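Here's the structure we're looking at; comments come further down.
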Amino acid sequence: MTNLLVLDETKRHPELRAQVETVLEQVAPLVRETTQLELPSVVNFRLITPEQWQADSAADMSAHVQRFRKRKPRWQAPVINLIERVALAKFHQVAPLLGGVLVMGATAAGPSDQSTTMLVPDALRYSGVLSRPEYLAQLIAHELTHHLQNLATRHREVWADEKASAIVRSGSIKFLEEGHAYWVDQEVTRLLFGAAHDIGDLSKSTLSDVYRKADADPRIVKMRSGPDLYKEGLALVSPAMEAVGAANLNRVWTDLALLPTRREVKHPVLWVARLERLLSTAKIGAPRSVG
């Protein structure tokens with residue numbers, strides 16, 4: 001039995017809290033069915049202010065790096081410290097635009113088997129998420145998938161290290177996580193509404209002036225010029241799902257050796273071929289622990 005908790009920490013959005021709770025109850029069994037992953041015992045969703053989002057996101061980033069730093073040789077600490085300072089400085093430059101306007105949801109893994117999703121009501125409105133129920137369902141299914149991913153890894157230290165290292169150096173793990181969640185949210189909206197729905201398909205003319213102004217900010221334009229975690233991640237996960245199925249793909253959450261490389265992210269056919277080869281030769285018949 002999963003306890004679905006939605007907290008309105010702003011104390012100003014009781015109707016939205018009830019709406020999120022209703023949608024969460026609808027999508028939770030579909031996300032479970034689609035991913036073939038366990039639901040955690042408790043699912044936490046929080047409605048928070050932009051300022052709280054910024055503070056909590058920065059704290060989560062620092063916590064990941066701190067755990068990563070503790071398990072690395074001392075001689076690496078100065079370099080990791082420098083990279084963390086630079087990463088946090090860049091984050092704080094764009095955080096008011098992200099948490100207050102552009103970022104619709106963010107999920108962080110906790111120290112136990114629980115994760116927490118942060119939603120900023122103003123950002124949901126500015127981005128158009130609240131314009132149609134299909135988009136809110138997509139967002140909640142996407143973020144809930146991250147809860148299941150985190151639980152599947154059992155929040156083991158080695159997996160946490162790998163996530164932290166993505167802050168320190170470019171890696172493939174975020175492409176996998178976001179691509180998997182994107183694939184799931186499209187499947188869930190298809191099941192709920194008869195067709196997949198994607199908030200990214202909204203034309204800019206339907207977005208708020210606040211959103212369009214923030215999206216055109218040079219700092220955001222520069223940030224968006226990098227790889228697209230969602231589209232490239234979906235291009236990675238979709239053929240893998242078709243080739244090996246959800247149950248086999250889920251082995252990646254407990255065996256870091258199965259993570260795609262950056263080259264495989266760019267060329268998904270290579271990752272699919274490797275997964276099929278390992279499966280056919282029974283080399284991953286018993287998933288290896290990552291912690």
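Because only heavy atoms are used, hydrogens play no part in the values below, and waters and symmetry mates are left out as well, while side chains stay in. These figures come from a predicted structure and were not determined experimentally.
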Rounded to the nearest 0.5 Å, how far apart are CE of Met1 and CG of Leu39? 10.5 Å
Would you say Leu278 and Val272 are hydrophobically clustered, going by side-chain heavy atoms of ILVMFWY under 4.5 Å? no
So, the side chain of Thr2 versus the backbone of Pro40: is there a donor-acceptor pair under 3.5 Å, distance only? yes
With a 4.5 Å limit on heavy-atom distance, are the side chains of Pro121 and Arg12 in contact? no
Do Thr117 and Leu144 make a side-chain contact, defined as non-hydrogen atoms from C-beta onward lying under 4.5 Å apart? no
Distance (rounded to the nearest 0.5 Å) between Glu9 CD and Asp56 CG: 8.0 Å
In the structure I gave you, are the side-chain heavy atoms of Leu148 and Val184 within less than 4.5 Å of one another anywhere? no
With the side chain counted from C-beta on, respond yes when Thr145 and Tyr182 share a heavy-atom pair under 4.5 Å apart, and no when they do not. no
Would you confirm whether Arg32, through its side chain, and Leu37, through its main-chain N or O, come within 3.5 Å as a donor-acceptor pair? yes
State plainly whether one hydrophobic cluster holds both Leu258 and Val237, where clusters connect Ile, Leu, Val, Met, Phe, Trp and Tyr through side-chain heavy atoms under 4.5 angstrom apart. yes
Just by modelled atom types, is the Thr35 backbone N or O under 3.5 Å from a matching donor or acceptor in the Asn250 side chain? yes
Flag for Gln114-His147: side-chain donor and acceptor within less than 3.5 Å: no
Keeping Gln186 on the side-chain end and His197 on the backbone end, is there a donor-acceptor pair under 3.5 Å? yes
Check whether the side chains of Thr189 and Gln138 place a donor and an acceptor atom closer than 3.5 Å, and report yes or no. no
Please round to the nearest 0.5 Å and tell me the distance separating atom CG of Leu24 and atom CD1 of Ile140. 6.0 Å
Taking side chain as C-beta onward, heavy atoms only, is Val120 less than 4.5 Å from Val103? no
Quick check: do Met104 and Tyr135 have side-chain heavy atoms less than 4.5 Å from each other? no
Closer than 3.5 angstrom, by distance alone: can the side chain of Ser208 be matched with the main-chain N or O of Tyr126 as a donor-acceptor pair? yes
Close side-chain approach of Met118 to Glu143, heavy-atom, < 4.5 Å: no
Look at the side chain of Arg212 and the backbone N and O of Leu207, then say whether any donor-acceptor pair between them is shorter than 3.5 Å. yes
Close side-chain approach of Met223 and Ile220, heavy atoms under 4.5 Å: yes
Between the side chain of Thr153 and the main-chain N/O of Asn150, is any donor-acceptor distance below 3.5 Å? yes
Taking Glu177's backbone N and O only, do any of them form a donor-acceptor pair with Gln149's side chain (distance below 3.5 Å, no angle check)? yes
Enumerate the residue pairs fulfilling salt bridge (charged side-chain N to carboxylate O under 4.0 Å, His left out) with a member in residues 226-247, sequence neighbours excluded, ordered by first and then second residue. Glu232-Lys266
